[in-house]
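Reviewing the structure listed below.
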Amino acid sequence: MGRIIGLDLGSKTCGVAISDSTGFLARALTTIRFDQDDYDDCFDQLLELLEKEKIKEVVLGLPKHMNGDVGIRGQLSIDFANELEKEGYHVTLWDERLTTVSAERLLIQGDVSRKKRKKIIDQMAAVQILQNYLDSKNRG
């Protein structure tokens, strides 16, 4: 089984997590930083990372409203996923509701300073997205 990348796509950052080779555990990898809404730059940086890590499967967080509707942010993620698929990657969109809140809570419990939390929150959200996906896959 190949490793899988998990993504938490924001307007200026994209948190990236990666699975272990067994597909059971997710860990933080990096945060891709780009100018506000410059998704072309984010996409180019991500393609380099996917090639470097020899990744073919991506789990991309799909932000939804609490009522389940997909808004503007969600549509951006769908469009981003479609572009990745055109490049030959298998992309799974994963409901990411409350992952950032959960990641923030874990970091606070771990007594991580506000300054450090700000730097790694996107990576931690990506870990949660990917781990939730891996757990669902390994249960079935």
Side-chain angles (χ1 to χ4, degrees):
M1 172 181 195
R3 293 181 303 158
I4 303 169
I5 289 270
L7 303 174
D8 179 42
L9 182 63
S11 60
K12 295 190 286 187
T13 61
C14 182
V16 183
I18 191 166
S19 73
D20 64 351
S21 60
T22 65
F24 279 96
L25 294 174
R27 68 171 174 83
L29 183 61
T30 191
T31 299
I32 296 172
R33 300 187 188 285
F34 51 96
D35 289 337
Q36 178 92 28
D37 298 325
D38 187 355
Y39 296 104
D40 289 338
D41 180 32
C42 178
F43 192 80
D44 292 342
Q45 290 183 61
L46 179 61
L47 288 179
E48 286 179 30
L49 180 65
L50 292 171
E51 188 173 311
K52 176 185 168 203
E53 297 290 337
K54 297 178 176 67
I55 302 294
K56 289 294 175 197
E57 186 174 356
V58 176
V59 178
L60 175 58
L62 177 61
K64 292 182 177 181
H65 297 296
M66 291 310 290
N67 67 2
D69 289 348
V70 174
I72 294 169
R73 302 277 336 141
Q75 190 57 54
L76 285 167
S77 291
I78 292 168
D79 295 344
F80 200 85
N82 289 337
E83 292 302 313
L84 282 171
E85 287 179 339
K86 287 178 186 175
E87 295 291 327
Y89 295 95
H90 174 353
V91 181
T92 300
L93 290 165
W94 193 260
D95 186 347
E96 71 167 39
R97 282 179 279 187
L98 301 179
T99 54
T100 301
V101 171
S102 180
E104 179 90 16
R105 193 173 299 132
L106 284 171
L107 291 170
I108 289 170
Q109 287 174 351
D111 203 26
V112 176
S113 73
R114 183 180 306 267
K115 186 176 179 181
K116 286 184 182 176
R117 282 196 314 262
K118 187 174 170 134
K119 290 182 180 179
I120 63 170
I121 190 68
D122 298 314
Q123 288 178 38
M124 295 306 296
V127 167
Q128 293 231 312
I129 290 165
L130 181 55
Q131 190 64 58
N132 290 342
Y133 171 77
L134 294 173
D135 289 348
S136 75
K137 195 172 173 183
N138 291 322
R139 270 187 245 124

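The analysis underlying the following values was restricted to heavy atoms, covering all of them including side chains, and did not include hydrogens, waters or symmetry mates.
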Could you tell me the separation between the [atom1] atom of [X] and the [atom2] atom of [Y], rounded to the nearest 0.5 Å?
| X | Y | atom1 | atom2 | value |
| --- | --- | --- | --- | --- |
| Lys12 | Asp38 | NZ | CG | 13.0 Å |
| Ser11 | Ile72 | OG | CD1 | 12.5 Å |
| Glu57 | Ser19 | CD | OG | 8.0 Å |
| Leu60 | Ile129 | CG | CD1 | 7.5 Å |
| Arg139 | Leu134 | CZ | CG | 10.5 Å |
| Leu130 | Asp135 | CG | CG | 9.5 Å |

Closest non-hydrogen atom pair between [X] and [Y], with its separation:
| X | Y | value |
| --- | --- | --- |
| Gly61 | Pro63 | O-CD, 3.4 Å |
| Ser77 | Leu93 | O-CD2, 4.0 Å |
| Cys42 | Cys14 | SG-CB, 3.8 Å |
| Ala126 | Gly6 | CB-O, 3.7 Å |

*Are Val16 and Val127 connected, step by step, through hydrophobic side chains (Ile, Leu, Val, Met, Phe, Trp, Tyr) whose heavy atoms are closer than 4.5 Å?*
no
So do the side chains of [X] and [Y] get within less than 4.5 Å of each other, counting heavy atoms only?
| X | Y | answer |
| --- | --- | --- |
| Asp95 | Leu62 | no |
| Ile18 | Arg27 | yes |
| Ile55 | Arg3 | yes |
| Leu46 | Val58 | no |

Could you list the donor-acceptor pairs under 3.5 angstrom formed between side-chain atoms of residues 81-92 and any protein atom two or more places apart in sequence or on another chain?
unit_1: Asn82; atom_1: ND2; unit_2: Ile78; atom_2: O; d: 3.4
unit_1: Glu83; atom_1: OE2; unit_2: Lys86; atom_2: NZ; d: 3.1

*Please say whether more than 12 non-hydrogen atoms of neighbouring residues, nucleotides or ligands are located less than 6.0 Å from CD in Glu51.*
no
*Tyr39 vs Phe80 aromatic rings, parallel, tilted or perpendicular, using cut-offs 30° and 60°?*
perpendicular
Check: [Y] main-chain N/O paired with [X] side-chain donor or acceptor under 3.5 Å:
| X | Y | value |
| --- | --- | --- |
| Glu48 | Phe43 | no |
| Asp8 | Gly15 | no |
| Thr13 | Thr31 | no |
| Gln131 | Ala26 | yes |

*State, without any angle test, whether Gln45 and Asp41 hold a side-chain donor-acceptor pair at a distance under 3.5 Å.*
yes
